[in-house]
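Before any comments, here is the structure.
All chains are named by letter (A, B, ...) in the order of the sequence lines, taking the proteins before the strands, and each is independently numbered beginning at 1. Because the structure is predicted, anything quoted here is derived from the model rather than measured.
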Amino acid sequence: MKPAASKPQAKPAVKPTDVIVEKKVEVVQKEEKPVAEKITIGELHLSGCTGCLVTLADNYEGLFKLLDDYADLVYALTLVDVRHVPEMDVCLVEGSCCLDDKLSVEELKEARAKSKVLVAYGACAAYGNITRFCRGGQWNQPGQEAFVPISEVVDVDLYIPSCPPCPQEVRNVAVMAYLLLRGNDEQKNLATAYLTPLMQLAQRGNEACGCDLMYDVINQGLCMGCGTCAGTCPVRAVTMEYGRPNVNRDLCIKCGACYSQCPRSWFNFDVMNNYEGIMDAIKGAMQ
Amino acid sequence: MDVLGNYKSAISARSTDKDILKKAQDGGIITTLFAYALEEGIIDGAIVAGPSNEPWKPEPMVATTKAELLAAAGTRYTISPNLYLIKEATRSYGLDRVGIVGTPCQIQAVRKAQLYPIGMRDVDDKIALALGIYCMENLSYQALEAMVEDHCNQKMESVKKMDIGKGKFTVYTERGAVSQMPLKLIHKYVQPGCHVCLDYVANLADISSGSVGSPDGWSTVFVRSTKGNAVWDGAIKAGCFETKPMDQVKPGLDLVRKLATEKITKNQKNVDARKTVGLKADGTPKGLRNPYESP
């Protein structure tokens, strides 16, 4: 038995009578909103490593610009003091969903119900990524072994693959989501065109692997050996041998970066032909 | 978009640098532009097709000096996966301003990496100069070997220069022999991925260049983007190039347009044919994947 520590004495909450109480000056800082209506974005954290959330912050001053002008961050682990999943325009879901963790399943369903656009943010949410290799027995939750991409549990609108996804990509998606929800007709069209392939990726399925380069590019007679897949692979599992990717499948973490970055997985001329204008527009929006 | 893409100006040009012209395929445009951009600090390095340990097999390299650029000058008619080094250049080498040269498809990959930087962290704003080269089709290294060694009967290591033009593939050897084969015969060696390519003159590059349309030893140059325009103007002011207006050279822009139209028309047919290549149980056609529609 520990000796009972003496409880700290609470100070009396009584104001001495000789204190002059001045009228408190109203200093509640009202946030200035240069833009009429921001969109709301949240980040739901499931079975991920927080790398995706850090990636959001890796936009540095760009994140502040996003939050100043385009989006309010209404829900995010460590960044926002909100306990329960709120209503939001865009929900970025990080991590795969552990079926053995009832709270994860419930929160994911709640996020789906309360958001207009549900994004699988990062490879774990989209494709399972490294959690595809989980077989249980790990500290400190040995009983948790069933991890699935979130689209096994809820409908997903848009994918941002890779491990981690790139700060510039989530920034672009955030700006485009703003244009889609708050922009004029022209901006809505641009945003729709930009986001379409990422939405199609979500329709394509929730399995990714370096093998996609074989199955869906080389086997389809579409590879021309540009080297993008090898350059983009975050774990250097892809090398170029005689003009074709060679995937070391023991290294591949199934993040989907190689295939989604490949110019022959999809190439939308309507967006790409206007690359200069779009890049200038995003740069302008972030200044 | 027009088959020649958007461009601010089209010029016939040749480098004024004698060292570069000695090594260059045609007018030495790409090497000279990168050398100028390195000198001026517009780029810190350029991803180019460098030498490797096999003859005529390029290996992507990050060139940071004119000597390295010279070692990479000249065309090798096989694949150099230059995009392989894009993160290597920006992250391992830590270059803030990167130049890259590529075929039209590789320049498409560069733009996709900038607009959709899914796995291309901190790359988008570091591409300072993307130079494109005209490309009708490309060949695997083994295909090039077959052409040089089987068709032209020359050893790869004895070849001094290879060239495609006037309907022929030509091999010049160190000892002065010249072997040729008709271009018609190389079609079976073309890599399949080239049959769906809808770009001939690197429409998305900052500046693109190739021999077609200009006299021997000169190149046809398209200056396309704002960035490209600034670099080109600077290089002209610095005296890097001799130039002639396109309408005063033979065969001129018409030939470029003719070849571009031929390539794109043929390949658009291939893309369309993929939609009906197979057969479903109900008798309707079954298609292959179309990268221009969806992933």
Side-chain angles (χ1 to χ4, degrees), chain A residues 55 58 160-169 172 194 196-198 200-201 203-204 216-218 220-234 238-240 242-245 255-269 271-273 275-276 278-280 283, chain B residues 1 5-6 57 60 78-89 102-103 105-125 137-142 191-198 203-204 206 224-227 274 288-295:
Chain A
T55 289
D58 278 348
I160 305 180
S162 187
C163 178
C166 295
Q168 295 79 20
E169 181 57 28
N172 290 1
Y194 180 91
T196 295
L198 301 175
Q200 289 171 330
L201 270 185
Q203 297 303 311
R204 178 175 166 265
D216 283 354
V217 187
I218 300 175
Q220 286 274 331
L222 296 170
C223 181
M224 40 55 186
C226 66
T228 299
C229 47
T232 203
C233 178
V238 186
T239 51
M240 294 300 288
Y242 288 98
R244 290 292 176 269
C255 74
C258 53
Y259 182 70
S260 53
Q261 195 70 70
C262 168
R264 291 289 169 81
S265 63
W266 47 271
F267 195 84
N268 46 352
F269 281 109
V271 172
M272 303 291 185
N273 283 345
Y275 79 93
E276 223 182 339
I278 297 173
M279 275 166 50
D280 285 348
K283 207 173 162 195
Chain B
M1 200 186 249
N6 299 326
K57 180 174 179 289
T78 182
I79 304 156
S80 177
N82 285 3
L83 272 286
Y84 190 0
L85 289 188
I86 202 158
K87 273 204 289 189
E88 204 64 25
T103 52
C105 56
Q106 292 180 324
I107 300 300
Q108 289 180 345
V110 169
R111 298 315 180 195
K112 182 171 170 181
Q114 288 182 285
L115 278 179
Y116 294 93
I118 294 167
M120 290 287 190
R121 196 182 185 89
D122 299 341
V123 163
D124 66 340
D125 59 346
E137 54 213 5
N138 207 348
L139 306 148
S140 70
Y141 183 71
Q142 291 79 359
Q191 60 170 347
C194 295
H195 297 315
V196 297
C197 174
L198 303 175
N203 293 352
L204 300 182
D206 291 315
R224 300 186 182 280
S225 67
T226 311
K227 213 180 254 177
R274 289 172 64 90
L288 293 164
R289 210 171 65 70
N290 181 352
Y292 303 118
E293 277 175 6
S294 68

So do the side chains of A:Ser162 and A:Thr232 get within less than 4.5 Å of each other, counting heavy atoms only?
no
A:Cys223/B:Gln191 under side chain to side chain contact (heavy atoms under 4.5 Å, CB included): CA gap, chis, key distance, verdict
CA-CA 8 Å; A:Cys223 181; B:Gln191 60 170 347; 5.9 Å; no
If you define the side chain from C-beta out and look only at heavy atoms, does anything of A:Leu201 sit under 4.5 Å from B:Pro295?
yes
Region of A:Val238 that comes under 4.5 Å of a non-hydrogen atom in chain B
backbone
With chain A as the partner, which of B:Arg274, B:Glu88, B:Lys57 has the greatest number of non-hydrogen pairs under 4.5 Å?
B:Arg274
Need one label for A:Glu276: side chain, backbone, both or neither, based on atoms under 4.5 Å from any heavy atom in chain B.
side chain
Please state whether the side chain, the backbone, both or neither of B:Ser225 comes within less than 4.5 Å of a heavy atom of chain A.
both
Does any heavy atom of chain B fall under 4.5 Å from the side chain of A:Leu198, the backbone, both, or neither of them?
side chain
Go through the steps for B:Ile79 and A:Arg244 under the test side chain to side chain contact (heavy atoms under 4.5 Å, CB included), then give the verdict.
CA-CA 9 Å; B:Ile79 304 156; A:Arg244 290 292 176 269; 3.6 Å; yes
Can you tell which of A:Pro165, A:Gly243, A:Ala257, A:Pro167 has the highest number of heavy-atom pairs within less than 4.5 Å of chain B?
A:Pro167
Of all of B:Pro117, B:Gly193, B:Pro60, which one pairs up most often with chain A through heavy atoms under 4.5 Å apart?
B:Pro117
What part of B:Thr78 gets within 4.5 angstrom of chain A, counting heavy atoms only: side chain, backbone, both, or neither?
neither
Residue A:Arg264 versus chain B: region with a heavy atom under 4.5 Å
both
Which atoms of A:Asp280 are under 4.5 Å from chain B, going by heavy atoms: the side chain, the backbone, both sets, or neither?
neither
Is it the side chain or the backbone of B:Asn138 that comes within 4.5 Å of chain A heavy atoms, both, or neither?
neither
In terms of heavy-atom proximity below 4.5 Å to chain B, should A:Cys258 be classed as side chain, backbone, both, or neither?
neither
So which of A:Met240, A:Lys283, A:Met224 has the biggest tally of heavy-atom pairs under 4.5 Å with chain B?
A:Met224
Do A:Gln261 and B:Leu83 have side chains that approach each other closer than 4.5 Å (heavy atoms only, starting at C-beta)?
no
Heavy-atom cut-off 4.5 Å, strictly under: side chain, backbone, both or neither for A:Asn273 against chain B?
both
Could you give me the CA-CA distance, side-chain angles and deciding distance for B:Arg111 and B:Gln108, then say whether side-chain hydrogen bond (donor to acceptor under 3.5 Å, both in side chains) is met?
CA-CA 5 Å; B:Arg111 298 315 180 195; B:Gln108 289 180 345; over 6 Å; no
Hey, are the side chains of B:Leu115 and A:Ile278 touching, using non-hydrogen atoms and a 4.5 Å cut-off?
yes
Nearest heavy-atom neighbours spanning B:Lys112 and A:Ser265:
NZ-OG, 3.2 Å
So, the part of A:Tyr275 with a heavy atom under 4.5 Å from chain B: the answer is both
Find the distance between CG (B:Leu204) and CD (B:Gln114) and round it off to the nearest 0.5 Å.
10.0 Å
Kindly give the heavy-atom pair with the smallest separation between B:Glu293 and A:Gln200, and that separation in Å.
O-NE2, 3.3 Å
Do the ring planes of B:Tyr116 and A:Trp266 sit parallel (below 30°), tilted (30 to 60°) or perpendicular (above 60°)?
perpendicular
Heaviest contributor of heavy-atom pairs below 4.5 Å to chain B, chosen from A:Cys163, A:Pro161, A:Gly231, is A:Gly231
Applying a strict 4.5 Å limit to non-hydrogen atoms, the region of B:Asp122 in contact with chain A is both
Taking side chain as C-beta onward, heavy atoms only, is A:Thr228 less than 4.5 Å from B:Met120?
yes
Count the heavy-atom pairs under 4.5 Å between each of B:Cys105, B:Ala113, B:Gly102 and chain A, then report the option with the highest count.
B:Cys105
Pair count under 4.5 Å, heavy atoms only, with chain A: among B:Asn82, B:Asn290, B:Thr226, highest is B:Thr226
Below 4.5 Å from any heavy atom of chain B, which atoms of A:Thr239 appear? Answer side chain, backbone, both or neither.
both
